[in-house]
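Numbers restart at 1 for each chain; the letters A, B, ... are given by sequence-line order, proteins then strands. For the numbers below, each heavy atom of this structure counts, side chains included, while hydrogens, waters and symmetry mates do not. Here the structure is a predicted model, which is why all the values come from computation and not from measurement.
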Amino acid sequence: MPITNPRSWPLAIKLSLTIIVVVAAVGFMIGAVMVARDWSRFHDELGEKALRLSEYVAINAPRAMQRKNYWSLYLSLKNIAARRAGAAAKHEIITAMILDANGLVQAHLNPAGNPLGIAFSPSSQIEQDLFEQAMSARNPIVLSSGGFSKQDFLEGVVPLFSDQKYMGVVRVRLSVAPLYDEAIRSALIVLGLVFCFVIIGSAVGVLASRRMVRPLTAVTQGLEAVGRGEMTDFAPVPIKDSDEIGRLGVTFNQIMSELAEKKMLEEEIAMSEKLVALGRITAGVAHEINNPLGGLLNCIDTLQRHPDDRQLVDRYLPVIEQGLHRIKDIVQNLLVGLKIEENDQKINIEHIDNLRDLITADIGERNIAVVWNNRVNKEVYVPVKLEQIIYNLLKNALEVLPKSGRIIFDMYEEGEFLIFEVGDSGPGIPSNIRNQLFDPFFTTKTNGTGLGLWVVYRLVESMQGIIEVESEQGEGTIFHVSVPVIRVKAA
Amino acid sequence: MRLIYLLLIVCFSSAVTANTEPPIRFGLTAVVMTENTRFLDDWSQYLEQKMGRKVEFVLRRSYRDVMDLLDSGGIEFAWICGYPYVQTRKPESLRLMTVPIYRGSPSYYSYIIVHHRSPYKRFSDLNGKVFAFSDPDSNSGFLYPLSVITRNGDKPEAFFRETFFTFNHAETIQAIAEQVADGGAVDSYIWEYLAAFKPEVTAKTRIIKRSPKFGFPPLVSRLGVAETTVELMKDTLENMDQDATGKALLAKLKLDGFGNYSDSLYNEIRGMANKIQTTTSNLFTVTN
């Protein structure tokens with residue numbers, strides 16, 4: 001799975017990331033609220049300050065205006081400006097002015113640009129709006145340029161009255177630039193604190209989540225090992241807590257140890273079964289070879305005692321030959337069954353049809369019909385082993401039939417499998433011996449070696465095929481074999 | 001009430017005990033000189049030492065305040081301007097004692113100054129502009145510019161757009177330097193004094209007109225002060241240039257000394273004042 005897909009990320013990372021995101025979001029939200037509150041507090045304080053300065057100027061302004069004492073008006077503005085600058089205060093006065101009821105300048109902190117006795121002329125639309133608001137104010141108000149930049153300002157506006165007659169207005173404008181710097185500074189501090197908080201919180205969260213997830217990771221790795229079939233080298237999941245994950249770990253450890261035990265038991269059983277099979281084969285070989293050997297040795301002994309009896313020689317030599325052939329058959333079959341060589345040789349499917357002639361020859365005088373049905377595409381090639389499997393099954397069918405009967409051979413393709421059936425109309429297999437049908441040296445025939453079906457079973461197994469037997473007492477038997485198709489042409 | 005009685009008794013009793021040596025009180029305004037408390041302490045100490053009498057400087061904001069003090073007997077001596085000196089009082093309450101000698105003569109000028117970057121070249125350019133006077137009783141800072149306007153046939157009340165009083169020549173210079181006013185009239189003595197001690201301020205002003213010579217603001221005595229006291233004060237002041245301490249004090253004042261001059265020194269101012277009085281009567285609101 002691609003690493004970009006979060007669904008494939010380890011739980012420890014996802015949990016850690018979630019904690020980091022949550023901690024950061026909470027931290028930055030708190031930080032933002034603090035910064036916003038700070039700014040609003042600074043803003044209010046600045047407005048209050050502007051108003052206070054205006055009110056201070058407004059105390060003596062009406063009297064001085066009536067007496068045309070412009071110099072003292074100007075000095076009062078100078079005073080507040082000098083005082084603010086001298087106090088190393090956070091606020092600087094951008095400008096200050098006293099206007100009369102008609103908007104004529106009575107005093108201005110920048111006298112060169114705003115001559116005495118001339119109507120104050122706003123330099124921009126914003127200034128015009130502020131001027132109109134200031135002139136229409138009949139109560140002290142704080143005006144704002146409305147923005148949040150170093151160029152913005154707050155203005156304390158105090159209307160002047162003398163004996164309830166409107167005289168004009170005092171306007172003192174404070175820059176928000178120092179406030180801006182202050183806000184930036186405090187925002188940086190808050191940001192720094194939040195950052196530390198996020199780092200520490202995230203680290204704690206990551207450690208905690210890793211610690212929590214560790215047993216789960218171990219369980220997952222253990223289960224993956226089970227999937228691969230490795231169970232014996234399983235290391236138990238370390239359990240520290242008794243929470244849900246802890247309990248999961250305990251249960252998992254139990255299951256794993258039980259599984260490992262079961263697997264060991266199975267291996268032991270398999271081993272003992274192998275030993276049993278080996279023992280059975282060895283015993284079978286010993287028995288089957290020992291039987292003719294006894295007769296053979298008797299014959300040879302008799303012949304040695306009567307070396308000149310031509311009649312005995314003629315009688316015993318065929319017996320000896322027959323006995324040796326039997327031993328040879330047994331050894332050959334054993335070799336085939338035990339040592340299945342990887343024979344890559346392939347034959348065309350048509351080759352199988354030759355077996356029909358072979359088996360027909362074996363029928364001899366008996367009244368046995370052979371129904372042959374090869375429906376496989378002529379292009380298909382099969383391993384040479386298949387010929388032996390089919391021949392053995394056909395021979396087996398022939399041997400179980402009494403003087404008359406029928407043998408059916410049907411072969412066809414089904415998907416990726418080559419399927420064939422060999423049926424006979426014989427007596428069928430009693431159900432109590434069906435389990436031993438493919439065991440070596442198991443036979444119901446007086447003259448059989450008990451290796452034919454065993455060899456078939458071994459060959460089918462070596463081809464990753466399946467053999468099944470279907471039989472009913474008195475109704476005959478059908479061997480059903482399916483092996484994977486090999487379409488490669490013969491070399 | 002009881003407290004006031006008590007205070008009166010205390011005052012009265014102290015006046016009685018100090019009756020033999022009452023302090024000599026000397027009235028000053030910030031118009032004639034820059035405020036320098038330490039200098040006044042040194043000067044009063046010097047005078048006390050020379051005269052053997054306690055000398056107190058009494059500072060007031062305007063000439064009018066100082067004149068009121070003289071009239072009411074609150075002070076014995078005063079340094080006033082030529083304009084209040086020449087104004088007729090009935091009955092006369094003061095008399096010329098001594099005159100400061102500045103740059104070799106008992107005279108000074110009125111300077112009409114403008115901002116150094118302004119386009120104004122002559123007095124008439126200031127028509128319709130803002131003008132700063134120093135004191136309504138100042139010759140150089142009020143009477144002279146008024147006389148220039150009336151001499152040209154203009155009406156003083158309509159010549160300027162706005163006017164104001166600073167009650168201080170130094171602040172008039174500041175008002176011009178900071179362009180609160182377009183033009184102003186100042187004492188040449190104060191302008192030169194500032195040019196020496198605060199050249200950065202005077203450098204922002206430009207003199208566009210200089211008046212004829214006027215008698216330097218005089219030191220006067222109140223009529224009724226004992227003749228011996230007046231003589232002692234006059235001698236002490238006029239001999240200040242005779243000793244090192246006195247010379248050092250004079251140097252700080254940028255004066256050469258004090259001299260005995262006749263009342264005719266103020267005829268020029270007197271003539272201007274008479275003309276103005278006939279043409280203007282309280283045209284300008286005098287404020288405190």
Query raised in the report: Measuring heavy-atom distances to chain A, does B:V180 have an atom under 4.5 Å in its side chain, in its backbone, in both, or in neither?
Result: both
Report summary line: chain B shares the most heavy-atom pairs under 4.5 Å, among A:G117, A:A107, A:A64, with A:G117
Report task. Go through the side-chain N and O atoms of B:S134 and B:T166 and say whether any donor and acceptor fall under 3.5 Å apart. Result -> no
Report task. Apply side-chain hydrogen bond (donor to acceptor under 3.5 Å, both in side chains) to B:N127 and B:S124, showing your working. Result -> CA-CA 6 Å; B:N127 190 1; B:S124 55; over 6 Å; no
Requested in this report: Tell me yes or no: between the side chains of B:Y108 and B:N139, is some donor less than 3.5 Å from an acceptor?
Outcome: yes
Query raised in the report: Do the side-chain N and O atoms of A:S162 and A:Q66 include a donor-acceptor pair separated by under 3.5 angstrom?
Result: yes
Report summary line: Bottom line for A:Y74: the part with an atom under 4.5 Å from chain B's heavy atoms is side chain
